[in-house]
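Source: prediction; values computed, not measured. Just so it is clear: chains get the letters A, B, ... in the order the sequence lines come, proteins before strands, and each one is counted from 1.
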2 protein chains.
Amino acid sequence: MLSIKRKEAILEVIKKQDVVTIQQLIDAVGASESTIRRDLIELEKEEQLTRVHGGASLQKRRHDEPSMIEKTTRNKEEKQGIAMYAAKAVQPGSCIYLDAGSTTYEMIPYLADRDLLVVTNGIQHVQTLMEYGIETYIIGGKVKPQTGALVGTKAVESLRFYRFDYAFLGMNGVALDGYTTPDPEEANVKQTAMDNSATSFVLADHTKFDQVSFAYVQAVEQAIIITSPNTDQSKVKSLEKLTTIEVSS
Amino acid sequence: MLSIKRKEAILEVIKKQDVVTIQQLIDAVGASESTIRRDLIELEKEEQLTRVHGGASLQKRRHDEPSMIEKTTRNKEEKQGIAMYAAKAVQPGSCIYLDAGSTTYEMIPYLADRDLLVVTNGIQHVQTLMEYGIETYIIGGKVKPQTGALVGTKAVESLRFYRFDYAFLGMNGVALDGYTTPDPEEANVKQTAMDNSATSFVLADHTKFDQVSFAYVQAVEQAIIITSPNTDQSKVKSLEKLTTIEVSS
DNA sequence: GATTGACTGTGAATAGTTTTGATTATAAAC
DNA sequence: GTTTATAATCAAAACTATTCACAGTCAATC
């Protein structure tokens, strides 16, 4: 058996059970103890699992924390709930726009295997989208150093040539005044993405409500807001004439 | 059987199974072990598959963190020498195009602090460019899963709106026939980049000479070749009417 | 139109590496 | 201290690279 196949088999077993003994692997894979051991050492080096005395155990899901994004994300659970809900709104086979940012990033795992075409302006998103085997396009533009988002005239221009079934966007401010975000250049990009999308969703955790940031993006009614029950009800109320979806937890 | 047919057959088998042993290919294709091996070597060079001990597998979707690139890059030292030399050719304050690929990637450290504006089609390059504080633009387009390069119509279109002082490109084949590369879509992108650049440089280590790949990019005289002294002198000679720079080591 | 020689693609043989499983020594758990 | 797991070693097996020889192909030459 090819060593690469064997390793895949090992990972499969371990993913099912979380922990396995060497003996179980010997039986499952049909290789000698030495070989299994060597494979485990390599897999550990590749950070696919952790070896423990007597066998091996699953590492913390590496897909859930592929980069530094993970560690620095605040309100992660809340964002994940929102992201999961948002992803469910997508019909298989659609073309969607995925805005840069941590909340939209969380959607990626839920977008796999749905025959989607994803266009994004987030450099960070690309690698993860590829890992999940999703067909990915990226718009052009200037790379914003702090965030890895694509912004500027070039970004807006390249967006003009796409049309989306759905757009998913993060926002810093959600208020009656409209959606707002700190960077005017990013605001432009978000605006254009929304204009070119049949349906737009804004993903906003509770910290974003009643906030007004520097750059205006669009009026609130231009998108459906997806938020979590953590959000103060009175704040949601004030926007209630609009379509606001509250994720149940 | 014609070698092209054979390679197609090999790819077909491998696409079905993801991983194949040499023996399976011998049976499926009906050629000798030697021949299959040679085909696999070529197919690997064309980036259609990766060879593994005992057989071959579809290109692996590795996380292409820079560290990963470093480990997997062949002829790294040679490439670094070439890259350093190439970077020195750049006047401070210029706008340059940096093609996706491992050789051009090595240039990045030498491009820092020179007041440059870099446009690239390599997703991998972006993070490193940002780390070195280089002003970076990325062209739009479809993300090629195996390599993270941006290709396709959209990529070519977005390139039309840029003009460069210098373009630095990798190539799989450098021969009297011209520059060639396996993927036609990538060839298009390289072509356009060269067209929009005042001066183009092709970075080629010794393995690339006298090689002809599937897709034609440009005539040899359209770019200055930067190579290393490892390159067989007779091969360089045959191109000597053209500007070829040999990096001293 | 045959002959020659260079060139290419193929398969077989051989020399060189890597991988593997068995064995033995060392270390960790109880 | 006994048992069990891990690490280290080594020869056999499996795989790979290199070399060579053979058969076609092509072009130039006689």
Contacts under 3.5 Å, N or O only, protein and nucleotides 27-30 of chain C:
none

Would you kindly say whether [X] and [Y] are connected by a side-chain donor-acceptor distance under 3.5 Å?
X        : Y        : value
A/His125 : A/Thr104 : yes
A/Ser102 : A/Lys79  : yes
B/Gln191 : B/Asp195 : no
B/Ser200 : B/Tyr166 : no

Could you check how far [atom1] of [X] sits from [atom2] of [N], rounded to whole Å?
X       : N      : atom1 : atom2 : result
A/Met1  : D/dC15 : CE    : P     : 13 Å
A/Ile22 : C/dG21 : CD1   : P     : 13 Å
B/Ile4  : C/dG9  : CD1   : C1'   : 13 Å
A/Glu42 : D/dA7  : CD    : P     : 14 Å
A/Ile41 : C/dG21 : CD1   : C1'   : 15 Å
B/Leu25 : C/dG11 : CG    : P     : 14 Å
B/Gln23 : D/dC15 : CD    : P     : 9 Å
A/Arg37 : C/dT26 : CZ    : P     : 17 Å

Pair A/Leu25-A/Leu40, side-chain contact (heavy atoms from CB on, under 4.5 Å): steps then yes or no: CA-CA 10 Å; A/Leu25 288 174; A/Leu40 289 181; 4.0 Å; yes

Salt bridge present between B/Asp39 and B/Lys7 (N-O < 4.0 angstrom):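 Looking at B/Lys7 together with B/Asp39, the answer is no, because their closest N to O distance does not fall below 4.0 Å.
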
Test side-chain hydrogen bond (donor to acceptor under 3.5 Å, both in side chains) applied to A/Gln48 and A/Glu44, step by step: CA-CA 6 Å; A/Gln48 309 262 17; A/Glu44 181 169 48; over 6 Å; no

Which nucleotide in C/dG11, D/dA7, C/dT10 has an atom nearest any side-chain atom of B/Ala31: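 The closest nucleotide is C/dG11.
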
Selection from C/dT10, C/dT20, D/dT6 that lies nearest to any side-chain heavy atom of B/Thr35: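 Ranking C/dT10, C/dT20, D/dT6 by closest atom to the B/Thr35 side chain puts C/dT10 first.
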
First of A/Arg51 and A/Leu2 reached from the 5' end of DNA chain D, by closest nucleotide: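 Final value for this comparison: A/Arg51.
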
Between the protein and nucleotides 22-24 of chain C, are there any N/O to N/O pairs under 3.5 Å, and if so, what are the atom names and distances?
unit_1	atom_1	unit_2	atom_2	d
C/dA22	N7	A/Ser34	OG	3.2
C/dA22	N6	A/Ser34	OG	3.2

For the student: nearest non-hydrogen atoms of B/Asp205 and B/Ile82, plus distance: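 For B/Asp205 versus B/Ile82, the nearest heavy atoms are CA-CD1, 3.8 Å.
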
B/Arg6 side chain near C/dG9 phosphate (N/O to OP1/OP2, under 4.0 Å):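 Checking C/dG9 against B/Arg6, no side-chain N or O comes under 4.0 Å of OP1 or OP2.
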
Parallel, tilted or perpendicular, as decided by the 30° and 60° cut-offs, for the rings of A/Tyr162 and A/Tyr137: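 Ring orientation, 0 to 90° scale: perpendicular.
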
